[in-house]
Each structure stands twice: as structure tokens, then as C-alpha cells.
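Following: one structure in C-alpha cells, then a few remarks.
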Amino acid sequence: MIFLIAMEISTFRIIFGVVLPKYYMLELAAIIVISSPVFLFKKNLFSIIYSVLVFGIFEAIYIANLNFDYASGDVLTMGYLLVIKEALEVASSSFINLWYILFAVGFGLAYIITLIYYIIFISKKKEKNKYFKYYPISLVYLFFIISIGIMMKNATFRQIEADNVTNELYKEKTGRQILNDTSSTLKKGSLIKYGIFNHFIYEFYDLYLANDKALAKKEIDDYLANGKDNEQNDFSGLLKDYNVLEIMIESAPSYVLSPTLTPNLYKLSNEGLYFSNNLCKNKTNYSEILGMIGSSYNAQLSSGYNSPYSLANILNEKGYKTSYFHDNDKKFYNRGTVIEEVGFKNRYFHQDFFDTKVEFKGNMPYDTDFVNKTIDLMLPKEKFYTFWTTISTHGPYNTSMESLTKYKNYVGLDGIKYYDKLTQALEDETFIMPTSPKNPYVRRLSTYNFKSEEEKKLIEEQLIHFELEMMNFDEALGILLNKLEKENRLDDTLIILYGDHDAYYTSNKLKPLKYYVYGAIINNEELEEYPNQYETYMCMYNPKLNKLYKEKVGQSVTMLTNPGIIVPTTLDLLGINYNKNAYLYSSIFNSTDISNLMYSYEIECIFSDKILAYDYNEFKFVANDVDDAYKNKFNEASINILKKNLVIHKMYKYNYFGR
């Protein structure tokens with residue numbers, strides 16, 4: 001118990017900056033109950049084995065939580081056990097903080113020394129008649145201790161219920177239901193409030209044991225039945241029966257934009273609807289589904305979701321040819337199954353065109369090669385909805401990676417080496433290093449002060465590596481645009497581009513690029529997260545749409561957005577009516593400035609560009625210019641999204657629309 005509590009305090013101090021969870025008595029009750037089975041074992045050997053087992057499991061959780069937080073601001077969750085294979089494929093030693101390993105080793109050594117001392121102590125005691133009355137006494141101890149734990153738990157549950165009596169999200173729920181809901185959809189909020197053991201216990205229960213399918217079905221039925229149709233607006237049906245080309249760009253922040261290095265992205269951003277306040281923090285598979293369905297799953301990651309509300313299924317009914325493309329193995333994230341159940345009739349992966357295997361060690365395939373192989377399938381003659389998930393810009397971006405040399409020597413379609421173009425762009429400032437305060441696409445809280453020239457050089461070399469890869473994607477995009485223009489189909493195609501997440505990879509034993517690019521809160525020289533670090537690229541382009549939006553609103557979309565707005569916004573443009581409750585977010589044509597807060601399925605928190613919250617009222621970060629009126633609007637929008645998410649979570653969990 002002592003060591004578990006000590007490691008929990010260490011975890012909370014490092015990740016959250018506090019000592020204990022808010023309802024620490026509930027966590028203490030869990031630790032008491034988990035520790036108490038030692039009384040069931042008559043032999044000290046078995047008690048020690050049980051103790052070592054519990055300690056070992058918790059130390060593994062301790063190491064994982066600290067290093068997840070170090071690498072990407074995330075924490076461990078039971079759901080990740082479902083994608084352990086994918087995690088190992090992309091794992092890198094750069095994700096590991098040596099100090100945290102040393103902390104864990106220190107706890108381990110202290111525990112072992114304590115155990116050795118204890119074993120020596122009990123070995124000196126007389127063994128005669130030791131077990132004569134063991135069970136009558138031990139079972140009394142066990143009953144007494146568990147009773148104390150249960151009383152502590154029940155008392156804390158009553159306190160949780162009292163604290164949420166006016167909370168629109170939880171006010172009519174029991175303490176147990178509140179823990180279930182929070183642990184399954186707001187893991188950092190669950191951790192900081194209820195502690196590590198309680199979070200994992202209730203998350204495990206929700207994922208693997210809970211079976212309220214009949215009750216959930218009624219709740220979902222009522223929720224969808226009460227959903228309103230989308231409101232008509234100036235853009236409703238503007239692009240009726242137009243083609244849709246949706247591209248999710250791997251690791252795409254806006255700071256890559258350059259008129260000379262990424263001219264196609266730059267053109268679409270300047271002529272189309274550029275989303276200047278777009279935020280996203282999700283793993284690739286979450287963001288992918290978010291752009292296809294308008295919500296994403298945070299429970300059964302290995303299961304598909306046969307939803308009639310997915311964009312592919314809706315457009316199948318409208319006579320579109322629906323096709324999905326990704327230059328990766330179809331087994332990764334179980335895409336071969338998931339993408340089919342999302343509704344795409346045609347699905348194409350790396351092995352359909354190449355004999356090679358994709359290795360996630362900083363040597364991604366060229367997007368240009370993939371587009372040249374698939375362009376006639378991507379842009380068929382009939383009316384189409386095509387979704388392409390890119391791969392060339394996937395990290396890591398280490399200076400030692402083979403792909404850095406490969407891209408430096410790559411000759412573009414204009415006959416000039418990528419690296420020569422980049423060097424010239426830096427010189428004439430048509431591309432500005434993202435770490436520079438002059439870069440117009442980076443919204444900083446502060447500018448990071450590099451500790452040495454060597455550190456700055458390593459970060460800039462990674463950014464160069466990343467930009468070279470982005471140049472290859474841009475050329476691939478240009479190939480698609482040229483074909484559409486040549487065939488006179490650019491005007492009747494809606495093009496949607498968005499990034500799945502920031503360039504999050506750690507490289508060269510440093511923190512992820514976002515910390516050095518976007519600046520950070522400096523707290524005892526530690527880098528902290530804040531929402532603008534999750535800025536990602538998003539753009540919609542169609543000449544007819546561009547013209548009308550500029551006349552009615554302006555050149556760029558300045559309201560808060562995330563990729564969840566893509567499906568309802570596209571349906572609006574295509575003139576297709578839909579149930580607003582089927583989607584977590586709203587069309588931009590029917591939204592207010594912060595109605596589309598970003599709910600992250602990865603780190604399970606909610607944020608705007610000014611507030612990052614672990615729960616609707618548990619703020620991790622608040623910008624200096626935030627007043628009470630903004631906080632109230634944030635809370636109102638949070639409750640709306642989190643309420644919807646709890647029901648949508650059950651749609652996935654119980655496969656509500658499944659075959």
C-alpha cells in the first residue's frame with residue numbers, strides 16, 4: 001500500500017502538478033481492497049508473490065503513464081491494449097524518458113530492499129503452531145478491512161453525487177454511473193478526480209464487462225428520434241451532386257505552407273476556405289473515422305461501425321462510387337474490415353500495388369508513387385466520393401533516418417532537387433522555419449528558448465526533414481488537381497483536406513516538435529501542453545463555394561473547428577438532409593464561434609483555442625484573456641458535446657448499427 005500510494009503521488013505530481021486525486025479517499029479505498037487479499041494466503045511466500053504481482057503491474061502502469069505523457073501528452077488506457085500490435089510497430093526509443101525509467105527503477109529497488117528486510121525478519125520468527133488459528137483471525141481482518149474500503153467508497157460516491165447535483169452532465173446519475181461515464185470518455189478527467197486504480201477498474205468494466213445493451217438501445221432510440229433535421233442556409237445544396245475528394249494528410253500542421261515548396265496546398269488555402277482556427281488531437285485512425293462519420297470510436301478500436309449516417313453510406317445511396325485509398329497494410333488498425341463497414345465499396349492498400357512492406361522507422365513511401373499508380377481509380381469517370389489517407393509525412397523525423405537523405409536527393413517534377421528548393425526558400429523567406437517568430441501560421445503562447453545551438457539545430461533538421469516529405473505530398477496533390485483541371489472536372493468537385501494530428505513524433509531524444517514550434521508554458525523549465533499546440537491544417541475548395549463564402553462571410557473560416565465538422569458541412573453543401581444528433585459536431589454554416597469544441601478521442605479531453613479541460617469544468621489551461629462569459633459559453637458547449645458523445649460512445653460499444 002505504501003509503495004502504491006508513493007508511485008501514485010509521483011504520477012500525479014509529474015503529470016498533473018498536484019499530489020493526489022480530487023476524491024483521494026475513493027482511491028485509498030481501492031488500494032485497501034486491492035491490497036487486502038494477502039490475508040487469504042496462509043503462507044508468507046504466497047502473500048509476497050501476490051504483493052510482487054500487484055506492485056509489478058502498477059509499476060508498468062506508472063512507467064507507461066509517465067512516458068505517454070512525455071511523448072504526446074497522453075496517458076495509458078485499456079483501449080490501447082486492443083491496438084498493441086500497431087503500437088509496437090511504430091514504437092521508438094525516442095518516446096522514452098530516461099529519468100522516468102530511473103524513477104521506476106528507484107521505486108523497484110526500494111521495494112525489493114524492503115521485501116528482503118521483511119523476509120529476513122519473518123525467517124527469524126519461530127514457525128511452531130504458526131498456522132493453527134490462521135483463517136479465523138485472517139478472515140476477520142479481511143472482512144474488517146474490506147468493510148472499511150466499501151464504507152469509504154460509498155461515502156465518496158455520495159460526495160460525488162452531491163458535488164454534481166447541478167451538473168447538467170451528471171446531475172441525475174449515481175456516483176458509480178458518473179465514474180463509468182468519465183472513465184470511458186474523459187480519461188484524464190477520470191484520473192485527476194478518481195485516481196489511477198479507480199479509472200482502470202471502471203474503464204475495464206465499461207470496455208469488457210458492462211452489458212446494458214437493452215437500456216442503451218432505448219437511450220439511443222430516443223436520442224435519434226429526438227434529433228432535428230439540419231437547418232437550411234445560404235449554402236444548402238450549393239454543390240448538389242458534385243464529386244467529393246477528401247484527403248487526410250498525415251501529420252499536417254499549417255506551418256508547412258509555402259508558395260514555392262507547397263504551391264498546391266498554398267493555392268487551395270488562399271483561394272478556398274482555409275480554416276484558420278482548426279484544432280485536432282487524435283491518433284490517425286480516430287481522425288480518419290471522424291472525417292468519414294462525424295464522430296469517432298473510443299471503445300472497440302478493432303470493431304467497425306456499419307452506420308447509415310456515414311458519408312460513404314449516404315453517398316452510396318445517391319449513386320456515388322465510393323473508394324478508399326491508403327498506402328499502408330490493410331491489417332494496420334484493422335482497416336481492411338473497418339473501412340468496409342464504414343461504407344466504402346472499393347478499398348485499396350499498399351499490397352494492391354506494391355510488393356514491398358511499409359516500415360514505420362522514418363522511411364515512408366512516396367505519395368507521388370502511390371498517386372501515379374492509383375489516379376484513375378481515385379478520380380473515376382463516374383460521380384465519385386474518394387477518401388485518401390496519405391503516408392509520406394509520417395514520422396519519425398530523426399536526422400539519422402534513411403528518408404532524410406532520400407528526400408534531400410529527390411528531384412521534383414520541375415527537375416530541381418527538393419533540398420535545393422528548400423534552401424532557396426529559406427534564403428528568400430518564401431518558407432520560414434516554424435521555430436521562427438516570423439512564421440505566420442504559428443500561434444504561439446511564447447517562443448521556446450533553446451538550451452543550446454545543438455538543440456536548435458536538431459529541431460530545425462527535423463523540421464526540414466518533415467518539410468521535404470510535405471513537398472512530396474504537395475506534388476502528389478498537384479497530379480490530382482492537374483487531372484481534374486485537364487478533364488474540366490475541377491469546378492464540379494469539392495476538395496477537402498485536413499490533418500489527422502500535429503507532427504507529434506519525438507526524435508533525437510527530444511520532446512515532440514510541437515513544443516519547440518508553438519512555444520509553451522514554462523514551469524520549472526518543463527514544457528507544458530496548451531491547446532494551440534494541436535493546431536492542424538484544414539481546407540475546403542471549390543470555385544463556386546469559394547466565391548459565395550467570400551461574398552457572405554470572408555476569405556477564411558475563423559470560427560473554432562475540427563475535422564468533425566466535415567461530414568455535416570459536406571451534407572449541407574450537397575443538399576442532403578440529415579439528423580443533427582447523428583453527428584458530434586455541427587456544419588460550419590449553422591455554428592457559433594465555439595460550438596464545435598475539440599473533443600479528443602486520444603487524450604479524452606475537450607478544448608478550444610483558449611481553454612483545455614480534462615472535464616467540462618476541470619481546466620488544465622486558461623488563456624489570460626478569458627472572462628467569465630467565455631467560460632460559461634465553453635461550459636455550455638462542453639456539456640452539449642459530452643452529452644452527445646456519451647450516447648454515440650454507446651452506439652459504437654454495442655454496435656448499434658452493426659450487421
Side-chain angles (χ1 to χ4, degrees), residues 67 69-73 92-100 251-258 260-262 361-363 393-410 417-471 499 501-537:
N67 282 289
D69 179 69
Y70 164 76
S72 63
S92 165
S93 61
S94 298
F95 292 143
I96 298 171
N97 185 310
L98 183 59
W99 280 109
Y100 296 157
S251 306
S254 292
Y255 61 68
V256 298
L257 290 175
S258 163
T260 54
L261 303 183
T262 58
K361 302 299 177 186
N363 189 22
T393 50
H394 196 292
Y397 314 106
N398 302 45
T399 54
S400 60
M401 291 292 106
E402 174 189 338
S403 56
L404 179 56
T405 302
K406 181 175 82 171
Y407 277 103
K408 277 186 174 181
N409 293 323
Y410 192 90
K417 281 186 180 181
Y418 278 6
Y419 192 70
D420 291 343
K421 280 196 286 188
L422 190 144
T423 303
Q424 183 61 46
L426 285 171
E427 186 176 318
D428 59 26
E429 294 192 337
T430 54
F431 174 64
I432 298 172
M433 192 63 70
T435 49
S436 168
K438 293 181 180 180
N439 189 298
Y441 298 101
V442 179
R443 293 170 291 165
R444 289 182 173 83
L445 181 69
S446 62
T447 300
Y448 179 70
N449 294 317
F450 288 97
K451 297 179 178 66
S452 65
E453 283 300 315
E454 179 62 23
E455 182 185 48
K456 184 178 181 182
K457 181 182 176 184
L458 287 172
I459 292 299
E460 289 183 348
E461 285 183 350
Q462 289 175 53
L463 289 167
I464 286 172
H465 189 169
F466 179 47
E467 188 67 19
L468 291 169
E469 292 173 338
M470 192 59 70
M471 290 166 65
H501 49 65
D502 57 282
Y504 65 82
Y505 258 101
T506 58
S507 300
N508 299 106
K509 302 298 181 184
L510 297 169
K511 293 280 276 181
L513 288 175
K514 64 182 182 184
Y515 290 104
Y516 306 98
V517 171
Y518 296 99
I521 303 167
I522 306 300
N523 179 19
N524 297 325
E525 297 186 353
E526 285 295 319
L527 295 163
E528 298 287 345
E529 64 182 336
Y530 73 101
N532 279 348
Q533 292 175 324
Y534 302 128
E535 180 276 328
T536 49
Y537 177 81

Heavy-atom closest pair, residues H501 and S251: CE1-OG, 3.1 Å

Between Q533 and Y515, is any pair of side-chain heavy atoms under 4.5 Å apart? yes

Closest heavy-atom contact between A503 and P253? N-CD, 4.5 Å

Going by an N to O cut-off under 4.0 Å, is there a salt bridge joining K438 and E429? yes

For N449, does the CG atom sit with more than 12 other heavy atoms under 6.0 Å from it, leaving out its own atoms? no

From CA spacing to verdict: side chain to side chain donor-acceptor pair (under 3.5 Å), H465, E461: CA-CA 6 Å; H465 189 169; E461 285 183 350; over 6 Å; no

Would you say Y518 and E535 are linked by a side-chain donor-acceptor pair, where the criterion is simply a distance under 3.5 Å? yes

Distance in Å, L261 CG paired with M471 CE, rounded so as to fall on 0.5 Å steps: 5.0 Å

R444 and N532, any side-chain heavy atoms less than 4.5 Å apart: no

Can you find a heavy atom in the side chain of K417 that is under 4.5 Å from one in the side chain of Y410? no

Donor-acceptor pair, distance only, cut-off 3.5 Å: does the side chain of N439 make one with the backbone of I432? yes

L513 vs Q462, test: side chain to side chain contact (heavy atoms under 4.5 Å, CB included). Steps then yes/no. CA-CA 8 Å; L513 288 175; Q462 289 175 53; 3.6 Å; yes

Is the shortest heavy-atom distance from the side chain of I464 to the side chain of Y419 under 4.5 Å? yes

Can you check whether E455 reaches Y448 side chain to side chain, under 4.5 Å on heavy atoms? yes

Could you check whether any side-chain heavy atom of P434 comes within less than 4.5 Å of a side-chain heavy atom of L463, counting everything from C-beta outward? yes

Working to the nearest 0.5 angstrom, can you tell me the gap between L426 CG and K421 NZ? 13.5 Å

F450 atom CZ: more than 12 heavy-atom contacts under 6.0 Å: yes

Which value, rounded to the nearest 0.5 Å, describes the distance between E460 atom CD and T435 atom OG1? 4.5 Å

At what distance, to the nearest 0.5 angstrom, does CE of M433 lie from CD1 of I459? 11.0 Å

Looking only at atom types and distance, does a side-chain atom of D502 sit under 3.5 Å from a main-chain N or O of K514, one as donor and one as acceptor? no

Evaluate the ring planes of Y407 and Y418, with Trp represented by its six-membered ring, and classify them as parallel (under 30°), tilted (30 to 60°) or perpendicular (over 60°). parallel

Rounded distance (nearest 0.5 Å) linking atom OG1 of T393 with atom CZ of F466: 5.5 Å

Is any side-chain heavy atom of S258 closer than 4.5 Å to a side-chain heavy atom of Y441? no

Check the surroundings of atom NZ in K406: do more than 12 heavy atoms from other residues, nucleotides or ligands lie under 6.0 Å from it? yes

Can you tell me how far OH of Y530 sits from CZ of R443, rounded to the nearest 0.5 angstrom? 9.0 Å

